[in-house]
Amino acid sequence: MTIRVIIVDDQAMVRAGFAALLSAQADIDVVGEAADGREGVRLARTAHPDVVLMDVRMPELDGLSAAREVLEPPPGVTHRPKVLMLTTFDIDDYVYEALRAGASGFLLKDAPPADLIAAVRVVASGEALLAPSVTRRLIADFVRQRPAPRKDPALRLNGLTPRETEVLELIARGLSNQEIAAHLVLAEQTVKTHIGRVLGKLDLRDRAQAVIFAYEAGLVRPGDSA
């Protein structure tokens, strides 16, 4: 299946470079480009991409606000693509907020070409982007500075089984599915099943949101490791 992608970035050279790279892949089709967040939201609604590459800092509408509009469409709009945030900083407040809003991860603009291609494929498949440990570091840096959210997520942990809670904790500690399987002496497919149930019960979009939830619920704390 071909992955439909749009690129939203205010730098024409960045858009052109990414478009050329991605269009050269047999399984990726760049179906549009936008120079600002407002235009990006409109394009996401009309082009129906699978993945939106969204720059963090843009005129008209910043990437965070645009990502929220794409991920939380108004009534009547059913298409919800995956959003991959692009940033020049590896630690960026906007990126953290974008993950909370439902973005599937982030990618540095100066990442190697192979990483960009892999990122699009990973996000399109429904997974969170980058190694869990990288996402964990980003989230931990911000959670330690932030007050608890208005709704106490710890209460929602009550709906998980002990095994599901254990799997969620290991996700947040930075373990991959394979590592969780080895740690719990389970088949990797069983781990995937548990993760699917955790996401479903907690109404989370992907692994990135699961990591954030685990920190905000107090299941793990910055500095913890497996």
Side-chain angles (χ1 to χ4, degrees), residues 1 3-4 44 48-52 54 67-85 95-106 119-136 138-140 142-143 148-221 224 226:
M1 183 182 73
I3 303 170
R4 295 169 60 83
H48 292 169
D50 300 302
V51 177
V52 177
M54 184 79 75
R68 282 177 174 153
E69 290 195 24
V70 169
L71 293 166
E72 300 175 3
V77 178
T78 58
H79 183 71
R80 286 178 43 161
K82 305 293 185 182
V83 174
L84 174 59
M85 303 302 297
V95 176
Y96 172 82
E97 294 296 348
L99 290 173
R100 288 192 65 182
S104 294
F106 71 99
V120 169
R121 290 171 176 155
V122 166
V123 169
S125 72
E127 296 293 327
L129 176 68
L130 298 182
S133 59
V134 176
T135 304
R136 180 190 62 183
L138 170 78
I139 295 166
F142 285 102
V143 169
R150 287 188 297 272
K151 295 181 179 179
D152 185 0
L155 298 177
R156 291 163 62 190
L157 288 174
N158 295 336
L160 302 182
T161 67
R163 178 62 86 189
E164 289 165 354
T165 301
E166 193 171 17
V167 168
L168 175 59
E169 179 181 348
L170 293 175
I171 290 174
R173 290 181 186 276
L175 275 67
S176 66
N177 289 1
Q178 185 176 15
E179 291 167 336
I180 293 173
H183 186 85
L184 298 178
V185 194
L186 297 172
E188 191 169 348
Q189 184 57 49
T190 301
V191 171
K192 291 180 180 178
T193 298
H194 283 309
I195 292 174
R197 289 174 179 165
V198 167
L199 297 181
K201 288 183 178 181
L202 298 177
D203 192 26
L204 303 173
R205 284 175 61 89
D206 55 28
R207 196 185 198 103
Q209 282 203 319
V211 176
I212 292 172
F213 179 92
Y215 273 98
E216 294 187 335
L219 189 61
V220 290
R221 301 186 185 285
D224 287 352

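Values reported hereafter were calculated over all heavy atoms of this structure, with side chains retained and with hydrogens, waters and symmetry mates removed. Because the structure is predicted, anything quoted here is derived from the model rather than measured.
- Remark: Ile195 pairs with Val167, Ile171, Asn177, Val191, Leu199, Arg207 by the side-chain contact (heavy atoms from CB on, under 4.5 Å) rule, at least two apart or across chains.
- When the side-chain contact (heavy atoms from CB on, under 4.5 Å) test is applied to His48, the partners found at least two apart in sequence or on another chain are His79.
- Proximity of a side-chain donor or acceptor of Arg80 to a complementary backbone N or O of Leu71 within less than 3.5 Å is detected.
- Screening residues 69-79 for salt bridge (Lys or Arg N to Asp or Glu O under 4.0 Å), with sequence neighbours left out, gives Arg38-Glu69.
- Of all the heavy atoms in Ala67 and Val83, the pair that sits closest is CB-CG1, 4.1 Å.
- In this structure, Glu169 CD and Leu175 CG are separated by 10.0 Å, a value rounded to the nearest 0.5 Å.
- Here Glu164 pairs with Leu160, Thr161, His194, Arg197, Val198, Lys201 under the side-chain contact (heavy atoms from CB on, under 4.5 Å) rule; sequence neighbours left out.
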query = What do the steps show when you test Leu184 against Thr190 for side chain to side chain contact (heavy atoms under 4.5 Å, CB included), and what is the final call?
reply = CA-CA 10 Å; Leu184 298 178; Thr190 301; over 6 Å; no

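- One distance of note links CG of Leu202 with CZ of Phe213; it measures 4.5 Å at 0.5 Å rounding.
- When the side chain to side chain donor-acceptor pair (under 3.5 Å) test is applied to Glu166, the partners found at least two apart in sequence or on another chain are Arg163.
- Among all heavy-atom pairs drawn from Pro81 and Val70, the shortest one is CG-CG1, 3.5 Å.
- Remark: Arg121 pairs with Ile3, Gln25, Asp27, Ile28, Ile117 by the side-chain contact (heavy atoms from CB on, under 4.5 Å) rule, at least two apart or across chains.
- Of all heavy-atom pairs spanning Ala217 and Leu157, the tightest one is CB-CD1, 3.8 Å.
- Residue Glu188 holds its CD atom at 11.0 Å from OG1 of Thr193, rounded to the nearest 0.5 Å.
- Taking both residues in full, the closest heavy atoms of Ala44 and Pro49 are given as O-CD, 3.4 Å, listed atom of the first, atom of the second, then distance.
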